[in-house]
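This report concerns only the one structure given below.
Index from 1, following the sequence. All of these numbers come straight from a predicted model, not from anything done at the bench.
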Amino acid sequence: MTCEILCVGTELLLGNIVNTNAAFLSRELAAIGIFTYHQSVVGDNSKRLKESLELSLSRSDMVIITGGLGPTYDDLTKETVADYFGLKMQMHAESLERLKKFFLQFNREMTPNNEKQAMMPEGCTVFVNNYGTAPGLAVVKDGKTVIMLPGPPREMEPIYREEVKPFLQELKRDKNILVSKTIHVFGMGESALEYKLHDMMEKSLNPTVAPYAKEAEVELRVTASGADETECANLIAPAIDKIESEIGEFIYGIDVKSLQNAVVTKLRGKNLTLATAESCTGGLVGKRITEISGCSEVYLGGIISYDNSVKMRQLNVSEDTLRQYGAVSEQTSLEMCQGAAENLGADIGVSTTGIAGPGGGSADKPVGLVYVGVYFKNRETGEKVHKAVKLNLARNMYKDEREMIRYTASSHALYEVLKIL
């Protein structure tokens, strides 16, 4: 079964409101095996809405429309759908009673225009809205289905989960479900990844394998269709094994939320602690770690050592090192990460120092040059790992190049910690 998502609202076209409904519905539909090939946004205009509806139904089995179910003159979704199918509008007594109780509960006057929300196309299925005044509804006719839901996500999302999802599961002709696993890849670009796995991506039908570029990393989505989760899992497992055999060194997790989440989880699992020493990233590594609930168990703290005097006083970076090699150097990054670990009492220290730009670069040390240092001393054996990674993160095509360099540097710092773990 194929579905198109059609979101109604002039405020969406103007950019006044971010359209989160389409993203939510796409995820939910995919999870029950309904394929979404198109999404559209149209303003509060009956003629244009009808044109969009006609196009959507010409290429999809079903359309889910969000928005345009309110009490005002420009809320025209139900009326437009009824007109398209040649259906009369009629009062839905149960919805009207619910509306009256809603206004009575909050001691508010129910103006006559609110009754419009209880008017429904004849023969439709009504979905109760326990979170607002506009019910959802579905019209099934001539082999096509149109589902209409209120626009506010706080209403739309629970109505979908409680009422629409069971309706769709019953409606589906193909009872298969879709299950996806997301492989998180760092240190390998999308083009290199596609080149390495080209044949697999092109020839795999069930499961499918598709890459998605994100900030400073890539996700691989492996999706299988089957009768239940067990069948899907059995289809997915060999594909993941093959991917791991090809690019395993670049994979930092499967179905993890983020690099920082993976770091905190690994630190917990190994009962190890971390400290950070940051220059060019200005605390961004620490910020990302502290986004994770429970990080206080493993993250001791960090030092933002922007000025050289702080590097020397707080991180034990020697004046000779700074004079001979400079603040942006392998040697400085190595002393920074060791100083953070030793002075804060952590098992692992990680450091960043670089030139984020747009100024400050030179022929020898251009904008985008970053060093990430990592230090680890095993408590039991005394064995040490102490290394630095040189990065060139300049990307002239980005207007916000400074922030991109800083963010990517913080990702590399987190990744180097993961490699140690």
Side-chain angles (χ1 to χ4, degrees), residues 3-26 28-29 36 38-58 60 62-92 95-96 98-99 102 110-141 144-164 167-168:
C3 178
E4 183 154 340
I5 298 168
L6 180 55
C7 298
V8 178
T10 302
E11 68 278 8
L12 297 172
L13 290 174
L14 294 175
N16 295 332
I17 295 177
V18 177
N19 183 10
T20 60
N21 286 347
F24 170 83
L25 289 170
S26 294
E28 292 291 328
L29 292 168
T36 303
H38 299 90
Q39 297 178 4
S40 303
V41 178
V42 65
D44 299 298
N45 179 280
S46 183
K47 180 176 181 292
R48 288 191 287 274
L49 174 56
K50 189 173 182 180
E51 290 171 351
S52 297
L53 180 63
E54 288 175 345
L55 177 60
S56 299
L57 289 173
S58 72
S60 301
M62 176 172 62
V63 178
I64 297 182
I65 304 176
T66 66
L69 300 182
T72 60
Y73 74 95
D74 58 350
D75 289 311
L76 300 167
T77 297
K78 289 181 295 186
E79 292 81 357
T80 303
V81 172
D83 181 58
Y84 175 84
F85 284 112
L87 301 173
K88 294 179 180 178
M89 296 291 291
Q90 57 188 25
M91 182 61 68
H92 186 252
S95 295
L96 183 60
R98 289 184 66 84
L99 269 174
F102 178 90
M110 180 175 158
T111 55
N113 60 340
N114 278 287
E115 293 186 6
K116 179 176 183 289
Q117 294 177 100
M119 294 292 290
M120 302 288 174
E122 57 184 335
C124 71
T125 299
V126 177
F127 303 124
V128 174
N129 182 356
N130 292 313
Y131 310 91
T133 58
L137 63 149
V139 173
V140 181
K141 189 176 181 185
K144 301 288 185 179
T145 301
V146 177
I147 293 172
M148 290 155 273
L149 296 173
R154 67 180 181 278
E155 298 179 35
M156 187 277 294
E157 292 181 13
I159 293 174
Y160 174 86
R161 291 192 182 101
E162 296 169 11
E163 303 261 345
V164 179
F167 173 84
L168 290 176

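- Rounding to the nearest 0.5 Å places CG of Leu57 at 11.0 Å from OG of Ser52.
- The side chain to side chain contact (heavy atoms under 4.5 Å, CB included) check on Leu96 picks up Met91, Lys100, Met110, Glu115, Ala118, with sequence neighbours excluded.
- Here the rule is side chain to side chain contact (heavy atoms under 4.5 Å, CB included) with Met89, and of Glu122, Met119, Met120 only Met119 fits it.
- Of all heavy-atom pairs between Val41 and Gly9, the closest is CG1-O, 4.4 Å.
- The closest side-chain heavy-atom distance from Ile65 to Thr80 is not below 4.5 Å.
- With contacts defined as side-chain heavy-atom distances shorter than 4.5 Å, the pair Val140/Thr125 does not qualify.
- A heavy-atom distance below 4.5 Å is not found between the side chains of Phe102 and Gln117.
- Rounded to the nearest 0.5 Å, atoms CE (Met148) and CZ (Phe127) are 9.0 Å apart.
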Verdict with reasoning, Leu49 to Leu6, per side-chain contact (heavy atoms from CB on, under 4.5 Å): CA-CA 9 Å; Leu49 174 56; Leu6 180 55; 3.8 Å; yes

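- Annotation: the span from Lys78 atom NZ to Cys124 atom SG amounts to 8.5 Å, rounded to 0.5 Å.
- The minimum heavy-atom distance linking Cys3 with Leu29 is given by the pair SG-CD1, 3.9 Å.
- When side chains are defined from C-beta on, Asn21 does not count as touching Gln39, because their heavy atoms never get closer than 4.5 Å.
- Nearest heavy atom pair, residue Tyr84 against residue Glu54, reads CE1-CG, 3.3 Å.
- Annotation: side chain to side chain donor-acceptor pair (under 3.5 Å) contacts involving residues 144-160, sequence neighbours excluded, comprise Asn129-Glu155.
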side-chain contact (heavy atoms from CB on, under 4.5 Å) between Ile147 and Leu168, worked out: CA-CA 10 Å; Ile147 293 172; Leu168 290 176; 3.5 Å; yes

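- In this structure, Asp83 pairs ionically with Lys50, as a charged nitrogen and a carboxylate oxygen lie closer than 4.0 Å.
- Side-chain contact between Ser40 and Glu4: present, with at least one pair of heavy atoms (C-beta onward) separated by less than 4.5 Å.
- In this structure, CD1 on Ile5 lies 5.0 Å from CG on Leu25, to the nearest 0.5 angstrom.
- A heavy-atom distance below 4.5 Å is not found between the side chains of Thr72 and Lys116.
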Derivation of the side-chain contact (heavy atoms from CB on, under 4.5 Å) call for Leu76 and Asp44: CA-CA 7 Å; Leu76 300 167; Asp44 299 298; over 6 Å; no

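- Within the 4.5 Å cutoff, no side-chain heavy atoms of Val42 are placed close to those of Leu53.
- Looking only at atom types and distance, the side chain of Asn114 has a donor-acceptor partner in the side chain of Thr111 under 3.5 Å away.
- At least one side-chain heavy atom of Lys141 sits less than 4.5 Å from a side-chain heavy atom of Leu87.
- Taken from SG in Cys7 to CG in Asn19, the straight-line distance is 4.0 Å, to the nearest 0.5 Å.
- When the side chain to side chain donor-acceptor pair (under 3.5 Å) test is applied to Thr77, no partner is found at least two apart in sequence or on another chain.
- The distance from the OG1 atom of Thr66 to the CZ atom of Phe24 is 11.0 Å, given to the nearest 0.5 Å.
- For the residue pair Asp75 and Pro71, the shortest heavy atom distance occurs at OD2-N, 3.4 Å.
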